[in-house]
S.K.: 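Structure incoming, see below.
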Amino acid sequence: MSPEEFRRHGHAAIDWIADYWASLDDLPVRAQVAPGDVRRRLPASAPEQAEPFDALLADLDRVVVPGLTHWQHPRFFAYFPANSSPAAILGDLLSSGIGAQGMIWATSPAVTEVEQVVLDWFAEALGLPDGFRSDSAGGGVIQDTASTATFTALLSALHRASGGVARVDGVGSEQWRVYGSTQAHSSLVKAAMMAGLGARAVRTVAVDPTTQAIDVAALRGAVVEDVESGLRPVMVHLAAGSTSTGAMDDVAAVAEAVREWDVWLHVDAAWAGVAAVCPEHRDFLAGVESADSFVTNPHKWLLTTFDCSTFWVRDRAALTGALSILPEYLRNAATESGEVVDYRDWHPQLGRRFRAIKLWAVLRTYGLEGLRAHIRSGIALAEHVAALVASDDRFEMVTEPSLSLVVFRLRAGDEQTLAAMEAVNASGEAYLSHTTVEGRAAIRLAVGSWRTTEADVDRTWRALQEAAAAEA
Ligand SMILES: *Cc1c(COP(=O)(O)O)cnc(C)c1O
């Protein structure tokens, strides 16, 4: 493809995206295909002869779109929406066009320095403590996902707690313990598995049945008990917005409760953290200045195309101590001078894309005012859903709404709740997901897209009411 052809096909690809968005409202939200349907429409082998690029765009319409669940659909309310935005997409495209590898400062200084500045901006925008900034002992880095960030936090915690032994000798015979509530994201157990501690190293702590937040006294009791039995607490994972119900663990109270042990506090605010761009929605992060690390995903609710997970640590020496390794072929004067950050020491992988461009593009194109308006609109729509739930006797709230997440059920019971949700999902009108809370089924409705309006919420609600009537 010549540069001139690239220009022409590039315009066509952008047109394709704009047309796709324009068509979303009329498409069923959830994919309507059976296993194997997409594969069957594709040839068994790659073409020997070059094909025109237009043929690929045609196959997007013919093969791919019918096999998609439309995450950018205005009535996608399942899981946590992972929204894209025009600014982020263009930023991502520019990053691909530049095609730089930012593994170390020397392989492209701008990749590192723009990322540092953007993360300092973003930390300030979220009201995070100065100790996470790049001009302090801490700093931020963009990870692919919150799962990787949590794994990285655990490796840093092990490095610190083992006095640097873990990176050389492995986890050894110490009986390390990691703590999280019953509502902690599954990536915590996965991190323990990947770190070689095993799933059993994670001690699960009870939650308050009403708020679903970690029971701080139970956490303290568990740590005391473990220490008395000779086990070594290494990290406490806090859910600042749990995946199931948006529950908020009390960061300040937990920090106070485990203060006497040198245990790493990791705050997982993967979904909710970005709401802190609004000063009035920051309370749930009270105490975050005691945290050793913090993660939030602009790729969930802040308009930044997947993947973009922003991760900060208070002591970057623990992080780079755990992960740095310098093969001969990467030796260079800048690294040796100690004046630069080499991000390859901040995450498991070596190579890295210029992901900061898309977050930079989002911050500049929307401005913090625009981002606050986006967050506020999601929260207002969730409050609207909660009012609709309250207005219909067949439904009830399960937990208090948490930011843009509403968790509710049919009073009739679990079977009816799940059947009503499945009826809406199968119809393609909207897409919702479920959870269980205190052993009972519940429907989750998470607002996130910049394209979702009150009319979309009302339409989804009518579909749910019809499904509830059919279940009655
Ligand atoms: C979504 C989510 C995660 C996992 O996010 P990834 O970036 O997909 O790894 C972790 N924790 C919480 C609380 C989440 O909501």
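Order of listing sets the numbers, starting from 1, for every ligand and every atom in it. Nothing here was measured: the structure is a model prediction, and the numbers come from that model. For this chain, numbers begin at 1 and follow the sequence in order.
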S.K.: Using 4.0 Å as the upper bound for N to carboxylate O, is an ion pair formed by R160 and D292?
M.R.: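 Counted as a salt bridge, because a side-chain N and a carboxylate O are separated by less than 4.0 Å.
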S.K.: Think R444 forms a cation-pi with F80, using NZ or CZ under 6.0 Å from the six-ring centre and within 45 degrees of its axis?
M.R.: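 Cation-pi check for R444 and F80: passes.
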S.K.: Among all residues two or more places apart in sequence or in another chain, which pass the ring-ring contact (aromatic ring centres under 6.0 Å, His included) test with W346?
M.R.: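 With neighbours one apart ignored, the set is Y343.
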S.K.: Is it the case that the side chains of T305 and D92 hold a donor-acceptor pair, with the cut-off being a distance below 3.5 Å and no angle test?
M.R.: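 T305 and D92 do not have a side-chain donor-acceptor pair below 3.5 Å.
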S.K.: If we ignore angles and hydrogens, is there a donor and acceptor under 3.5 Å between the side chains of T452 and D456?
M.R.: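 The criterion, which ignores hydrogens and geometry beyond distance, is not satisfied for D456 and T452.
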S.K.: Show the distances, to 0.1 Å, for all pairs joining an N/O atom of ligand 1 and a protein N/O atom that are shorter than 3.5 Å, listing one pair per line.
M.R.:
from     : atom 1 : to   : atom 2 : distance (Å)
ligand 1 : 7 (O)  : A146 : N      : 2.8
ligand 1 : 7 (O)  : N297 : ND2    : 2.9
ligand 1 : 7 (O)  : H299 : NE2    : 3.4
ligand 1 : 9 (O)  : A146 : N      : 3.4
ligand 1 : 9 (O)  : S147 : N      : 2.9
ligand 1 : 9 (O)  : S147 : OG     : 2.6
ligand 1 : 11 (N) : D268 : OD1    : 3.1
ligand 1 : 11 (N) : D268 : OD2    : 2.7
ligand 1 : 15 (O) : T243 : OG1    : 3.1
ligand 1 : 15 (O) : K300 : NZ     : 2.9

S.K.: Looking at W312, does the NZ or CZ of R314 lie under 6.0 angstrom from its six-membered ring centre and within 45 degrees of the ring axis?
M.R.: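 Verdict for W312: no cation-pi partner in R314.
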